[in-house]
*Asks:* 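Got a structure here, written out as structure tokens. Questions coming.
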There are 2 protein chains.
Amino acid sequence: MSRFLTPTLEALQPYTPGEQPQEKQYIKLNTNESPYPPSPWVAAALTADEAARLRLYPDPACSTLLRAAAVRYGLKPEQILPGNGSDEVLFFALRAFCDAKHPVAFADVTYGFYKVWAQLLNVPAHVIPLEEDFSLDPVKYCALSETIVIANPNAPTGLALKPAEIEMILQENPDNVVIVDEAYVDFGAESCVPLIQKYDNLLVVQTFSKSRSLAGARLGLAMGSEALIADLNRVKFSLNPYNINRLTLLAGAASLRDDSYFRRTCAAVVGTREWTERALLKLGFTLTESYTNFLFAKTDKMGGRQLYEALREQGILVRHFDAERTKDWVRITIGTPEQMNTLIETLKTILAKEE
Amino acid sequence: MSRFLTPTLEALQPYTPGEQPQEKQYIKLNTNESPYPPSPWVAAALTADEAARLRLYPDPACSTLLRAAAVRYGLKPEQILPGNGSDEVLFFALRAFCDAKHPVAFADVTYGFYKVWAQLLNVPAHVIPLEEDFSLDPVKYCALSETIVIANPNAPTGLALKPAEIEMILQENPDNVVIVDEAYVDFGAESCVPLIQKYDNLLVVQTFSKSRSLAGARLGLAMGSEALIADLNRVKFSLNPYNINRLTLLAGAASLRDDSYFRRTCAAVVGTREWTERALLKLGFTLTESYTNFLFAKTDKMGGRQLYEALREQGILVRHFDAERTKDWVRITIGTPEQMNTLIETLKTILAKEE
């Protein structure tokens, strides 16, 4: 820290992303990446001609990508804002719809970045505890007079609300924006995108990092009424109008057009998740009900930290969140069937040592 | 604008980027892009294997890129922070080193984004007028007790300060960060990077968008003491840790390694600039002394707006800044020799009509 740093940043605790080891090869089940490469249409779009065109700025309006996204989601291009990952559009949304006098509400166990952005933006955070079983009680989100962010499905718990429950929250907070972060929605939960036409206070956020195998390209979308998207564009054009590079714009559009590959790979991940669930239950693990590409699991044989470390030693990375309510658990990304088989065999060995 | 927008954003005037027409083909001399493609090493780095690896998050530490940049600039990797364009690192710097009680100072005629970021961050802006001839008097930047941003060379004027003048400003403001935005430095001005070892209050910002022909990849660097860079990383890890996508990390590293291509293309641009300067002077234009890849030019035959429109009609885009001090001028990016020849011939025709 330098002596020039502004006091509001000194106090802040930045987000800790999952490990991204660059050297040693691990079975990487810690950051919810897809085990499958992106659609072959993505590689085909990244031609040598496009590399040469990198001399030119990207289209700040992202027109081609927006047209493809509009077709895919049944929206108008003006109802969509792409960002440098969904992290960026979520940050834009908190800047647009919160301030020092207008707090943001979110769960105690959820994506860890919401509270970091609130601090970065000097926005008060209203943290609402999940129930004992990690479920979210929509009644606790009624008539808050606060901007609301709900990860649905939630991370790291994997649990999902039904659109009807989100709809109740939307109706009970007509004068506040409700942001539904659907990073994991493509693995079995129901999206709120169809509710956009009905509720002008709904903002849905999705990412290309999980179900579209494009974590490395950095692309996310915010979707909502034209007025909400205009607000987000106001932030974008006040911060970084060329926020998405040319190759990511191409990759994103190619991915959106190849719907059959998208559905195939999502289904494969869900199939592997179901196999892994059964195998973990057989090993005595407790699981939450996952609607995502990861499992949230604990065993009474050892703590979450200890399990994380034992797996790491065997070359398998999972994620452990070192907080009171999550300390017994690990979050395990769904990899290929082969990787999950290795995970299960490794767990058998680790647990056998504990007998 | 929606009814949910926070009041501090309503008042804000977002930045207007230069036109990026996606359909019609123009001779595009309006956003200071390079007329040359990036180094062929960039295209070579963007392999099909790398497209497949887009399923994985990028390295949040940007290690490979930082190693290449450290070699190029004679710094330690810990003295460099890459961003999603230099716009992002400049925004990070203002968030880190300014606040409501600690203003930012910059010139009245300079990169238009400084004042937009100040508004977005609720930071008071101290605008210091340039001299009548657009030169910057360093004495006016002494003992300010404010964070300072100086574009050097400046845009759209093209003028440059000598490092000794910047050094005076650094010495006179020991308790404030002085940000030197060197977006255009590779076209003939002297960089302040060598001063980094001497001044812990110096932050130098560069971009890959101009001299490295990578505007479409979005990459910029902030360089300074390890403590300043740690501060910027604090903002980055509180906003968007995966701020640079995998392909841009590869492209940037490849570009940095191909120093000979970099020097050749910069020299070609400077050569074309000199030719264009002579040709414009012959046509009676008034020019500022450019150390950049653009020329700031005016004619007494017509206003800047009129000239911009006449050129646009002939298929040539230049930039006009519609403000009191710049309204007579246009900013012309240096293109290929052929493009500049077309520009000069077109100007001859346009001016002849005014006789």
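Please read all numbers here as calculations on a predicted model, not as lab measurements.
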*Asks:* Counting heavy-atom pairs closer than 4.5 Å to chain B, which one of A:Gly18, A:Ser225, A:Pro174, A:Ala251 comes out on top?
*Replies:*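 Heavy-atom pair counts peak at A:Pro174.
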
*Asks:* For the residue pair A:Tyr114 and A:Tyr111, does the interplanar ring angle fall in the parallel (under 30°), tilted (30 to 60°) or perpendicular (over 60°) class?
*Replies:*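 Because their plane-to-plane angle is over 60°, the rings of A:Tyr114 and A:Tyr111 count as perpendicular.
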
*Asks:* Sort B:Glu226 into side chain, backbone, both or neither according to what part of it lies under 4.5 angstrom from a heavy atom of chain A.
*Replies:*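 Answer is neither: B:Glu226 stays 4.5 Å or more from chain A.
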
*Asks:* Below 4.5 Å from any heavy atom of chain A, which atoms of B:Val42 appear? Answer side chain, backbone, both or neither.
*Replies:*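 Only the side chain of B:Val42 comes within 4.5 Å of chain A.
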
*Asks:* Measure distances from B:Phe97 to the heavy atoms of chain A and classify the residue's part below 4.5 Å as side chain, backbone, both or neither.
*Replies:*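 Contact with chain A involves both backbone and side-chain atoms of B:Phe97.
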
*Asks:* In terms of heavy-atom pairs under 4.5 Å with chain A, which of B:Ile229, B:Leu121, B:Leu214, B:Leu56 leads?
*Replies:*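 Among B:Ile229, B:Leu121, B:Leu214, B:Leu56, the one with the most close pairs to chain A is B:Leu56.
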
*Asks:* Counting heavy-atom pairs under 4.5 Å to chain A, which of B:Ser2, B:Ala51, B:Ala227 comes out on top?
*Replies:*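 Going by pairs under 4.5 Å, I would pick B:Ser2.
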
*Asks:* Atom CG in B:Leu81, atom CE in B:Met223: separation rounded to 0.5 Å?
*Replies:*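 One finds 11.0 Å between CG of B:Leu81 and CE of B:Met223.
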
*Asks:* Is it true that atom CD of A:Gln25 has more than 12 heavy atoms of other residues, nucleotides or ligands lying nearer than 6.0 Å?
*Replies:*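 Not more than 12 within 6.0 Å, no.
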
*Asks:* Could you measure the distance from the CZ atom of A:Arg218 to the CZ atom of B:Arg218? Nearest 0.5 Å is fine.
*Replies:*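 Reported to 0.5 Å precision, the distance equals 16.0 Å.
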
*Asks:* B:Lys210 versus chain A, heavy atoms under 4.5 Å apart: side chain, backbone, both or neither?
*Replies:*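 B:Lys210 touches chain A through side-chain heavy atoms alone.
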
*Asks:* In residues 60-68 of chain A, which residues are in contact with chain B at a heavy-atom separation under 4.5 Å?
*Replies:*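 Answer by number: A:Pro60.
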
*Asks:* Can you tell me how far the CG atom of A:Leu46 sits from the CG atom of A:Leu250, to the nearest 0.5 Å?
*Replies:*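 Here the interatomic distance stands at 6.5 Å.
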
*Asks:* Mind ranking B:Arg212, B:Arg55, B:Arg53 by heavy-atom pairs under 4.5 Å with chain A and telling me who comes out on top?
*Replies:*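 Most heavy-atom pairs within the cutoff with chain A belong to B:Arg55.
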
*Asks:* For a quick test of reading the model, state the closest non-hydrogen atom pair linking B:Pro82 to B:Val89 and the distance between them.
*Replies:*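 Result for this residue pair: C-CG1, 3.9 Å.
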
*Asks:* For residues 31-40 of chain B, give me every residue with a non-hydrogen atom less than 4.5 Å from any non-hydrogen atom of chain A.
*Replies:*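 Near chain A, by residue number: B:Thr31, B:Glu33, B:Ser34, B:Pro35, B:Tyr36, B:Pro37, B:Pro38.
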
*Asks:* For B:Glu19 versus B:Asn30, what's the shortest heavy-atom pair and its separation?
*Replies:*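 Taking B:Glu19 first and B:Asn30 second, the nearest heavy atoms are O-ND2, 2.9 Å.
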
*Asks:* Determine the option with the most heavy-atom pairs under 4.5 angstrom with chain B, choosing from A:Thr16, A:Val116, A:Asp231, A:Leu219.
*Replies:*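 Most pairs with chain B among the choices: A:Asp231.
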
*Asks:* Identify which of A:Arg234, A:Gln13, A:Met1 forms the greatest number of heavy-atom pairs closer than 4.5 Å to chain B.
*Replies:*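 Highest number of heavy-atom pairs under 4.5 Å: A:Arg234.
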
*Asks:* Measuring heavy-atom distances to chain A, does B:Glu50 have an atom under 4.5 Å in its side chain, in its backbone, in both, or in neither?
*Replies:*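 When you check distances to chain A, no heavy atom of B:Glu50 falls under 4.5 Å.
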
*Asks:* Mind running side chain to side chain contact (heavy atoms under 4.5 Å, CB included) on A:Ser255 and A:Phe262 for me, showing each step along the way?
*Replies:* CA-CA 8 Å; A:Ser255 167; A:Phe262 166 72; 5.9 Å; no

*Asks:* Among the options A:Glu10, A:Lys101, A:Lys236, pick out the one with the most heavy-atom pairs lying under 4.5 Å from chain B.
*Replies:*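 Of A:Glu10, A:Lys101, A:Lys236, A:Glu10 has the most heavy-atom pairs under 4.5 Å with chain B.
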
*Asks:* Check each atom of B:Tyr15 against the heavy atoms of chain A and say whether the ones under 4.5 Å are side chain, backbone, both or neither.
*Replies:*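 For B:Tyr15, backbone and side chain are both near chain A.
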
*Asks:* Taking every non-hydrogen pair under 4.5 Å, which of B:Asp87, B:Asp59, B:Thr8 racks up the most with chain A?
*Replies:*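 Top count of heavy-atom pairs under 4.5 Å with chain A: B:Asp59.
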
*Asks:* Taking all non-hydrogen atoms of both residues, which atom of B:Tyr57 and which atom of A:Gln20 are closest, and how far apart?
*Replies:*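 Minimum heavy-atom separation between B:Tyr57 and A:Gln20: CB-NE2, 3.3 Å.
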
*Asks:* Does anything in residues 237-244 of chain B get under 4.5 Å of chain A by heavy atoms, and if so which residues?
*Replies:*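 So the qualifying residues are B:Phe237, B:Ser238, B:Leu239, B:Asn240, B:Pro241, B:Tyr242, B:Asn243, B:Ile244.
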
*Asks:* Picking from B:Ala44, B:Ala48, B:Pro58, which has the most non-hydrogen pairs under 4.5 angstrom with chain A?
*Replies:*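 Max contact count across the listed options: B:Pro58.
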
*Asks:* How many angstroms lie between CD1 in B:Ile27 and OG1 in B:Thr336, if you round to the nearest 0.5 Å?
*Replies:*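 If we round to the nearest 0.5 Å, B:Ile27:CD1 and B:Thr336:OG1 are 7.5 Å apart.
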
*Asks:* Taking salt bridge (Lys or Arg N to Asp or Glu O under 4.0 Å) as the definition, give me every residue that meets it alongside A:Arg3, ordered by chain and number, with sequence neighbours left out.
*Replies:*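 Salt bridge (Lys or Arg N to Asp or Glu O under 4.0 Å) check on A:Arg3 returns B:Asp175, B:Asp200.
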
*Asks:* Side chain to side chain contact (heavy atoms under 4.5 Å, CB included), that's the test. Do B:Leu203 and B:Leu232 meet it? Break it down for me.
*Replies:* CA-CA 10 Å; B:Leu203 190 76; B:Leu232 297 185; 4.0 Å; yes

*Asks:* Would you say the side chains of B:Gln339 and B:Lys28 form a donor-acceptor pair under 3.5 Å?
*Replies:*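 No donor-acceptor contact under 3.5 Å links the two side chains.
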
*Asks:* Is there a side-chain contact between B:His102 and B:Pro124, using heavy atoms and a 4.5 Å cut-off?
*Replies:*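 Contact flag for B:His102/B:Pro124 side chains = no.
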
*Asks:* Any chance you could measure B:Asn176, atom CG, to B:Asn201, atom CG, to the nearest 0.5 Å?
*Replies:*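 Rounded to the nearest 0.5 Å, the CG-CG separation comes out at 8.0 Å.
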
*Asks:* Could you check if a side-chain atom of A:Tyr199 sits within less than 4.5 angstrom of a side-chain atom of A:Val178, using non-hydrogen atoms only?
*Replies:*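 No, their side chains stay 4.5 Å or more apart.
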
*Asks:* List the atom of A:Leu228, the atom of A:Leu202, and the distance in Å for their closest heavy-atom pair.
*Replies:*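 Scanning both residues, the minimum pair turns out to be CD1-O, 3.5 Å.
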
*Asks:* Determine, step by step, whether A:Ile179 and A:Leu90 satisfy the side chain to side chain contact (heavy atoms under 4.5 Å, CB included) criterion, reporting the C-alpha distance in whole Å, the side-chain angles of both residues, the deciding distance to 0.1 Å, and the verdict.
*Replies:* CA-CA 8 Å; A:Ile179 303 166; A:Leu90 286 162; 3.8 Å; yes

*Asks:* Sort out for me which of A:Gln119, A:Arg246, A:Arg95 touches chain B most, counting heavy-atom pairs under 4.5 Å.
*Replies:*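 The answer is A:Arg95.
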
*Asks:* Given side chains that start at C-beta, do those of B:Leu94 and B:Val104 come closer than 4.5 Å, heavy atoms only?
*Replies:*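 They are in contact (side-chain heavy atoms under 4.5 Å apart), so the answer is yes.
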
*Asks:* Mind listing the closest non-hydrogen atom pair of B:Thr248 and B:Ala217 along with its distance?
*Replies:*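 Closest pair (atom of B:Thr248, atom of B:Ala217, distance): OG1-O, 2.7 Å.
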
*Asks:* With chain A, which of B:Ala43, B:Ala230, B:Ala52, B:Gly85 has the greatest number of heavy-atom pairs at distances under 4.5 Å?
*Replies:*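 Of the candidates given, the most pairs with chain A belong to B:Ala52.
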
*Asks:* For the candidates A:Thr47, A:Asn84, A:Leu54, which exhibits the highest count of non-hydrogen atom pairs separated by less than 4.5 Å from chain B?
*Replies:*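 Heavy-atom pair counts peak at A:Leu54.
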
*Asks:* State the SG-OH distance between B:Cys266 and B:Tyr261, to the nearest 0.5 angstrom.
*Replies:*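 OH of B:Tyr261 is found 10.0 Å from SG of B:Cys266.
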
*Asks:* Output, in order, the C-alpha distance, side-chain angles, deciding distance and verdict of side chain to side chain contact (heavy atoms under 4.5 Å, CB included) for A:Val123 and A:Trp117.
*Replies:* CA-CA 8 Å; A:Val123 167; A:Trp117 288 320; over 6 Å; no

*Asks:* Tell me, side chain or backbone of B:Asn122 under 4.5 Å from chain A's heavy atoms, or both, or neither?
*Replies:*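 Looking at B:Asn122, just its side chain touches chain A.
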
